[in-house]
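Notes follow once the structure below has been shown.
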Amino acid sequence: MSLEHFSVIVLGGGTMGSGAAWALARRGVRALVLEQFSHVHSFGSHSGRIRIIRQAYAESPEYVPLARHADALWGQLEEEVGRQVLFRTGGLDMAAHGFPQARHARASAEQFGLPHEWLTGEEIRRRWPAWTIGDDWEACYSPDSGFLLVEPALQSLMLAATRAGVVLHEHEPVREWRTDGSGVLVRTDRATYAADHLIVTAGAWSERVLAALGLPLTVLRKVVWWFAVEDPSIYAIGRFPIFIAESVLGTIYGFPIQTGTGLRIANHAGGQRASPDTLDRTVHDAEADEVLPFARRYLRGVTSQVVESAVCMYTMTPDEHFIVDRTPDSAQVVLGAGFSGHGFKFAPVIGEMLASLALDPSSRPRPLFAIERFRPGFPSENPRRAANRESADHA
Ligand SMILES: Cc1cc2nc3c(=O)[nH]c(=O)nc-3n(C[C@H](O)[C@H](O)[C@H](O)COP(=O)(O)OP(=O)(O)OC[C@H]3O[C@@H](n4cnc5c(N)ncnc54)[C@H](O)[C@@H]3O)c2cc1C
């Protein structure tokens, strides 16, 4: 029996799988995307409707060129599909005394000449009346930051891909895959497919799909919240930038209020170890304690009335940088995993990297994202997280 053959199969049609699909489409490649659920769903790492996009990257200046390129690609996608996905609101990287978020963002902005302003707590309160932080806070304000709407963003990536001939199969989980001489065989309940290359973008399921690699990935359960506020006008788009605020009360981030919703905030720090198949998808009232102390202390008029909540998953690497590389055993198999709670904004760029690693033999992974860094002897914790813990201990 002859098998249906593709140049590339993408295992997992979520965030990065959609990015890869668009990149492959732009190269004119015959590709198949296999997704176990519907395209865009709430069971993985893209639930919660909205994502921050920013360029003055506090995590490492190495991300800045990628974030700029991603920003440009989202714009290109908007033109191609005719639908807005990126909304610029300005963004605040904020830090209480002794925490590094704001200074690290400023360092990235300065290194790459990005537009930014350095602000004190007093200036922030004056410009954005929702804030009640103290004078000793500091912030890097970036006018180009904003948010992406998850559903339109992923739908647009996949629409552009399928229009150019990429095939998407929803509700078709991959049960097994193996390399086969010069290519790969991928089995689902419906068929076995052959391809020259496999791109694995399985999100929180990566460890299972790539069990033999023993990747150092940890899945965390994360909750996001929408709270009612007394005066929504001070949280409206145009009056309230997206923010990431580091303090003893966590690394809290949030968005301006969109019509008909509450204030969307969450804690980037913490989270419980979880497995995607047994994840507790119920949000418990007491869990609001991970964000409400911050909101009550530093934001005006946030009530404890939960308008909406959602559960999502982070897939963490030990250093919180991504894995985008070929597998060590087989050059035909490429993976994008471990996006550590900050990957969404990069989806079209990661898609390009994955396509290039699959199709261009001379393409090399970025050292920051290479699997090789997890060899024995490599530092196992992000130095920044360790420094933050120390700041918190001393604050
Ligand atoms: C609460 C929360 C807030 C976040 N905020 C931000 C933010 O503000 N900015 C930002 O840039 N990033 C943010 N992120 C991170 C970002 O959303 C993730 O890094 C990104 O979505 C990860 O993409 P992924 O493709 O790895 O996972 P997913 O989007 O979950 O995709 C993986 C896909 O693989 C499929 N799959 C798995 N196994 C199989 C199989 N065997 N067969 C077929 N399909 C399979 C899954 O069903 C899924 O669709 C946030 C994440 C969370 C959870």
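A quick note: this is a predicted structure, and the numbers were derived from the prediction, not measured.
- Applying the salt bridge (charged side-chain N to carboxylate O under 4.0 Å, His left out) criterion to R83, with sequence neighbours excluded, gives no partner residue.
- Between R103 and E246, no side-chain nitrogen of the basic residue sits less than 4.0 Å from a carboxylate oxygen of the acidic one, so the salt-bridge criterion is not met.
- With a 4.5 Å cut-off on side-chain heavy atoms, E287 and Q272 count as touching.
- Under the rule for a ring pair (Phe, Tyr, Trp, His ring centres under 6.0 Å), the partners of W128 that lie at least two apart in sequence or sit in another chain are Y141.
- Other residues, nucleotides and ligands place no more than 12 heavy atoms under 6.0 Å from the CZ atom of R366.
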Donor-acceptor pairs under 3.5 Å, side chain of residues 337-355 to any protein atom, not counting sequence neighbours: which ones?
residue	atom	partner	partner atom	Å
S340	OG	T317	N	3.2
S340	OG	G338	O	3.0
H342	ND1	Y57	OH	2.9
H342	NE2	E320	O	2.9
K345	NZ	Y57	OH	2.9
K345	NZ	H342	O	3.0
E352	OE1	H69	NE2	2.8
E352	OE2	R26	NH1	3.3

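- Taking the six-membered ring where tryptophan is involved, the planes of Y193 and H169 are perpendicular, since the angle between them exceeds 60° and thus also 30°.
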Start with the C-alpha distance between T188 and E172, add both sets of side-chain angles, then the distance that settles side-chain hydrogen bond (donor to acceptor under 3.5 Å, both in side chains), and finish with yes or no.
CA-CA 6 Å; T188 73; E172 190 169 348; 2.6 Å; yes
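- With respect to D144 and R68, no salt bridge is recorded, no charged nitrogen being found less than 4.0 Å from a carboxylate O.
- With 3.5 Å as the limit, one finds a donor-acceptor pair spanning the side chains of T120 and E123.
- In this view, D360 and R27 satisfy the salt bridge (charged side-chain N to carboxylate O under 4.0 Å, His left out) rule, not counting sequence neighbours.
- Taking the six-membered ring for Trp and the full ring otherwise, the centers of Y253 and F294 sit at least 6.0 Å from each other.
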Do any side-chain atoms of residues 202-218 form donor-acceptor pairs under 3.5 angstrom with protein atoms, and if so which ones, sequence neighbours left out?
residue	atom	partner	partner atom	Å
W205	NE1	D277	OD1	3.3
S206	OG	G203	N	3.4
S206	OG	G203	O	2.6
R208	NH2	D277	OD1	3.1
R208	NH2	D277	OD2	2.1

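- Take F112 and apply the ring pair (Phe, Tyr, Trp, His ring centres under 6.0 Å) test, not counting sequence neighbours, and it matches no residue.
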